[in-house]
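No experiment lies behind these values; they were computed from the predicted model shown. Sequential numbering from 1 along the given sequence is applied to the chain's residues. Quick note: numbers below take in every heavy atom, side chains included, and nothing from hydrogens, waters or symmetry partners.
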Amino acid sequence: MFVTNLDDFGHLLSLSNYNTSHLHNDLWQIFSNPEDWKEKYIHENYSRIFSENLVQQPCPDVYWFPILSERACDELVQELEHYGQWSGGKHEDSRLSGGYENVPTVDIHMKQVDFEREWLKFLRKYVAPVTEKLYPGYYTKAEAVMNFMVRYRPDEQPSLRPHHDSSTFTINIALNTKGVDYEGGGCRFLRYNCSIEAPRKGWSLMHPGRLTHFHEGLPTTRGTRYIMVSFVDP
């Protein structure tokens, strides 16, 4: 005899570890309430990456796929703007162990807002499976020391010079919308003379970090552009 229940009556929430000290407290609930977190913060088309191969390759070995919901993007930006302690985009950076950043950006690290643990869980749960699908034979632990939000503005830091990332692979998630929140922007891979000039909100670029994918951030000419970046290694 086989019995099943096809009706979804929702799920229970655990409130025992609910922290109310943040602007958007639900962002921190990926451990205590993972199903609720997924429903709120993972892109509605994420599962289609695996069932329908909803992945694009705009440049060689550069993949593009949906990962975060609109709500996730908005709340992350609001949370970090509320925190407000953006770096100055200078080489000297006391947040780093060596105190020096070779390719500085105006940014906030996830450690600064006590979101590192939650973000690493997100990488392991949702990014690692995509990596293993797109790069067959490579199995990532989704460990990342550098996890940060970058802010580009014409009068602050509009662009980023050509560079390699200190990662095995990098994810770069667009957090707002070109043509609405900003103009310009995007990423150019110099080796391939290939540019992604209209990033989609909630979609991530994924590309190798070292050796092959020398790239630059194209100038933001109006408004404010936000991206979320992780250097994953290994």
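Below 30°, between 30° and 60°, or above 60°: for F189 and H215 the angle between ring planes is between 30° and 60°, a tilted geometry. Between W119 and F122, the angle of the ring planes lies from 30° to 60°, which puts this pair in the tilted group. Classification of the W203-W64 ring pair by plane angle, with boundaries at 30° and 60°, yields perpendicular. Note: Y126 and W37 have parallel aromatic rings, judged against thresholds of 30 and 60 degrees for the angle between ring planes.
Between the side chain of H213 and the main chain of P60, a donor-acceptor pair closer than 3.5 Å is present.
Under the 4.5 Å side-chain heavy-atom criterion for ILVMFWY residues, no single connected hydrophobic cluster contains both V150 and V77.
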Could you list the donor-acceptor pairs under 3.5 angstrom formed between side-chain atoms of residues 106-115 and any protein atom two or more places apart in sequence or on another chain?
residue: D107; atom: OD1; partner: S87; partner atom: OG; Å: 3.3
residue: D107; atom: OD1; partner: R95; partner atom: NH1; Å: 2.9
residue: D107; atom: OD1; partner: R95; partner atom: NH2; Å: 2.6
residue: D107; atom: OD2; partner: T105; partner atom: OG1; Å: 2.6
residue: Q112; atom: OE1; partner: R95; partner atom: NH1; Å: 2.7
residue: Q112; atom: OE1; partner: H109; partner atom: N; Å: 2.8

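Distance NZ/K201 to NE2/H43: 10.5 Å, rounded to 0.5 Å. Considering SG of C187 and CD1 of I227, their distance stands at 8.0 Å, rounded to 0.5 Å. Considering CD of Q157 and OG1 of T220, their distance stands at 9.5 Å, rounded to 0.5 Å. Remark: D181 CG to R222 CZ distance equals 8.0 Å, nearest 0.5 Å.
There is a side-chain donor-acceptor pair under 3.5 Å between Y18 and D26. Side chain to side chain, E216 and H163 fail the donor-acceptor criterion of an N or O pair below 3.5 Å. S167 and D233 are not linked by any side-chain donor-acceptor pair at a separation below 3.5 angstrom, with hydrogens and angles left out of the test.
Ionic pairing of R151 and E81 is present here: one or more N-O contacts between side-chain nitrogen and carboxylate oxygen are shorter than 4.0 angstrom.
Judged as a side-chain contact (heavy atoms from CB on, under 4.5 Å), and not counting sequence neighbours, the contacts of H22 are N19, N25, W28, E79.
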